[in-house]
Amino acid sequence: MKQKTVAVVGAAETTEMGKIPNMSQIMLHADAALNAMKDAGLTAKDIDGVATAGDSPVEVAHYLGITPTWVDGTSVGGCSFMLHVRHAAAAINEGLCNTVLITHAESGRSRVGARRFSRDPASQMGQFEVPYGVTTPPTMFTIPVLRYMKDVGVTEEGLAQVAVVQREWAAKNPRASFRDPITVDDVLNSKMIAWPFRLLMCCLVTDGGGALILTSAERAKDFPQKPVYILGTGESCETPMISQMEDFTTSKAFRVSGKKAFEEAGIKHSDVDHLMIYDAFAHLPLYGLEDLGFCERGEAAAFIREGHTRPGGKLPLNTNGGGLSYMHSGMYGMYALQESVRQMRGIAPAQVPGAKISIAHGVGGMFAASGTIVFSNEAP
Amino acid sequence: MADYNRPLPAPTPETQHFWDGCREGELRLQRCTSCKESYFPPRPFCPACGSRDVEIYKASGKATLYSYVINHRPRPDFGDTPHSIAVVTLAEGPRMMTNIVDCPQTPEALELDMALEVTFEKANDEISLPKFKPSKG
């Protein structure tokens, strides 16, 4: 169903990024939100819809002094913000609210005022996964990759190449955490974390946040920034337990979410000028490129090795440096959305010249959920 | 066993039969009596067709290695020796998370699709965890 168009009219990240020990998690939400409101020329009084994940939207609304008529606390991991964009678009179209604020913040590194993480031993994961040593993403998100590598013929070098190319993008971004060039050998010789994953194949752990403000495309014309239109959206989920994925070589949630977003936007893959794929670990862009249909099964590693996703390539991918080199506070989806918006506004540090359509694709949990947003800087 | 300091499952009414089976040295699965689908983790209805007519049965304990990682990060509860965290495909179809034991924890020793069989590791009087070891043939 194609509804009236909604646009991003405010977008910002936290003032600082990386290590922010002097700010608690709720203040990181507020810092990003205040920056986004300034960007949009709004105050809290102008916001009537609030969404966040991880923390409660009630906390965010009250801390900022917002009285919303629409609240979304969908929390399905790092892609939650893609789902918020999708839900916000529907809510605005339905007249439930006019101006939505979506925030993410996490004191991922400094852990100031951050939620404590624990898994109930009576939950399904607590009973059937945690006892075997799978408690953190490096020992969980990584488990499918050996099956993928064997079945589709990808090597450790192919996996390492993902991190190498993303570092090329990070080198162009003054805010990126890691900017020095790396080689495939550097990646393969970095510290072993969970075989076959080395340190440089795993995302950073940082502090930070981001916020988006959305309203109807009709109203968007009156805002100070160039509107970035939502052309299409998708969402799905598969399983909270990575051991229960249908197939370790492909994500069902990615496929369903991506297909929805493409259909709703009415675009072809060749229309896409810029792509963000949530990269908590080096295998995610490979799954993303294939499950979204940019590459045939098993061809993503070669596609990256051949240079199609690097600066100057035909499909610039993860142009902020990604979770591997830019930043990753815990729920990276917000930063993928922010980079898509910057690219559509034409203000990204590594700007793709003339880009008109951008896709931000997120993962939640460990292949548990997914959200996909198609952006454009041209009104549909 | 008193010094077992790793996270342990807390059985629920829907999973008690599974953990009772493990304690008694049996890997118990469930199967739908209408569509015949075997499934895991336990629940009192068939996730394929929704029927509540399901039965518990003793699985063969045979499996193959689907995928794994070898964790190298020291943990207070698992020690600092690299250890496998694996997903196996049971002969009956369902997959489960486990550790591969009784073999070197190396990529050379852990070959995808290798034949495995269940073995139970007693944690305490209530809980034994199903683990898998290379099949003897």
Asker: Around A:Arg115, counting heavy atoms of other residues, nucleotides and ligands shown, do more than 12 lie under 6.0 Å from its CZ?
Answerer: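 It does: A:Arg115 CZ has more than 12 such atoms within range.
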Asker: Would you say CD of B:Gln16 has more than 12 non-hydrogen atoms from neighbouring residues, nucleotides or ligands within 6.0 angstrom?
Answerer: yes
Asker: Measuring only between side-chain heavy atoms, which start at C-beta, is A:Trp195 closer than 4.5 Å to B:Val69?
Answerer: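 They are not in contact (no side-chain heavy atoms under 4.5 Å apart), so the answer is no.
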Asker: Can you list the steps and then say if A:Asp247 with B:Arg95 is a salt bridge (charged side-chain N to carboxylate O under 4.0 Å, His left out)?
Answerer: CA-CA 11 Å; A:Asp247 181 342; B:Arg95 294 209 182 98; over 6 Å; no
Asker: Is B:Asp77 in contact with chain A via its backbone, its side chain, both, or neither, using a 4.5 Å heavy-atom distance?
Answerer: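 Contact with chain A: none, neither part.
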Asker: Report which part of B:Pro94 has an atom under 4.5 Å of a heavy atom belonging to chain A: side chain, backbone, both, or neither.
Answerer: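 The answer is neither part of B:Pro94.
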Asker: Evaluate side-chain contact (heavy atoms from CB on, under 4.5 Å) for B:Phe40 paired with A:Gln244, printing each intermediate quantity in order.
Answerer: CA-CA 8 Å; B:Phe40 180 85; A:Gln244 301 305 311; 4.0 Å; yes
Asker: Under a 3.5 Å distance rule, please check whether A:Tyr132 uses its side chain to pair with a backbone N or O of B:Ser84 as donor and acceptor.
Answerer: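 Answer holds: no.
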Asker: Given side chains that start at C-beta, do those of A:Arg119 and B:Pro7 come closer than 4.5 Å, heavy atoms only?
Answerer: no
Asker: Contact part of A:Met140 toward chain B, heavy-atom cut-off under 4.5 Å: side chain, backbone, both or neither?
Answerer: neither
Asker: With a 4.5 angstrom heavy-atom cut-off, is it the side chain or the backbone of B:Ile127 that approaches chain A, or both, or neither?
Answerer: neither
Asker: Look up atom CD1 in B:Ile85 and atom CD1 in A:Ile242, then write down how far apart they are to the nearest 0.5 Å.
Answerer: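 Taking CD1 in B:Ile85 and CD1 in A:Ile242, the distance rounds to 11.5 Å.
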Asker: Is there side-chain contact between B:Thr12 and A:Gln127, with at least one heavy-atom pair below 4.5 Å?
Answerer: yes
Asker: Contact part of B:Leu112 toward chain A, heavy-atom cut-off under 4.5 Å: side chain, backbone, both or neither?
Answerer: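 Both the backbone and the side chain of B:Leu112 come within 4.5 Å of chain A.
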Asker: Does any N or O in the side chain of B:Ser67 come within less than 3.5 Å of the main-chain N or O of A:Ile143, such that one atom is a donor and the other an acceptor?
Answerer: yes
Asker: Given heavy-atom pairs under 4.5 angstrom as the criterion, report whether the side chain, backbone, both or neither of B:Phe18 touches chain A.
Answerer: side chain
Asker: Could you state the interatomic distance from CG (A:Leu146) to CD1 (B:Ile70), rounded to the nearest 0.5 Å?
Answerer: 8.0 Å
Asker: Top residue by heavy-atom pair count (under 4.5 Å) with chain A, among B:Thr15, B:Thr98, B:Leu129?
Answerer: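 When all of B:Thr15, B:Thr98, B:Leu129 are compared, B:Thr98 has the most.
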Asker: Does some side-chain heavy atom of B:Asp113 sit less than 4.5 Å from a side-chain heavy atom of A:Lys150?
Answerer: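 Contact flag for A:Lys150/B:Asp113 side chains = yes.
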Asker: With a cut-off of 6.0 Å (strictly less than), are more than 12 heavy atoms of other residues, nucleotides or ligands near CD of B:Glu111?
Answerer: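 Atom CD in B:Glu111 is not packed in, count stays at 12 or less.
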Asker: Answer yes or no: is there a side-chain heavy-atom contact under 4.5 Å between A:Thr136 and B:Arg73?
Answerer: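 A:Thr136 reaches B:Arg73 side chain to side chain.
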Asker: Other residues, nucleotides and ligands only: do more than 12 of their heavy atoms fall within 6.0 Å of NZ on B:Lys131?
Answerer: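 Enclosed: over 12 neighbouring heavy atoms sit under 6.0 Å from NZ of B:Lys131.
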Asker: Flag the one option from A:Pro144, A:Pro138, A:Gly133 with the top tally of heavy-atom pairs under 4.5 Å to chain B.
Answerer: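 Highest number of pairs under 4.5 Å: A:Gly133.
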Asker: Between B:Arg75 and chain A, with a heavy-atom cut-off of 4.5 Å, which part of the residue counts as in contact: side chain, backbone, both or neither?
Answerer: side chain
Asker: Given that the side chain runs from C-beta out, which part of B:Phe78 has a heavy atom under 4.5 Å from chain A: side chain, backbone, both or neither?
Answerer: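 Just its side chain gets close to chain A.
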Asker: Classify the ring geometry of A:Phe128 against B:Trp19: parallel below 30°, tilted from 30° to 60°, perpendicular beyond 60°.
Answerer: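 Ring orientation of A:Phe128 relative to B:Trp19: parallel.
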Asker: Any non-hydrogen side-chain atom of A:Pro131 less than 4.5 Å from a side-chain atom of B:Arg6?
Answerer: no
Asker: Select one option (side chain, backbone, both, neither) describing which atoms of A:Glu129 are under 4.5 Å from chain B's heavy atoms.
Answerer: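 Looking at A:Glu129, backbone and side chain both touch chain B.
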Asker: Side chains of B:His72 and A:Ile193, heavy atoms from C-beta outward: is any pair under 4.5 Å?
Answerer: no
Asker: Quick check for you: among B:Leu65, B:Val87, B:Leu8, which has the greatest number of heavy-atom pairs under 4.5 Å with chain A?
Answerer: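 Top count of heavy-atom pairs under 4.5 Å with chain A: B:Val87.
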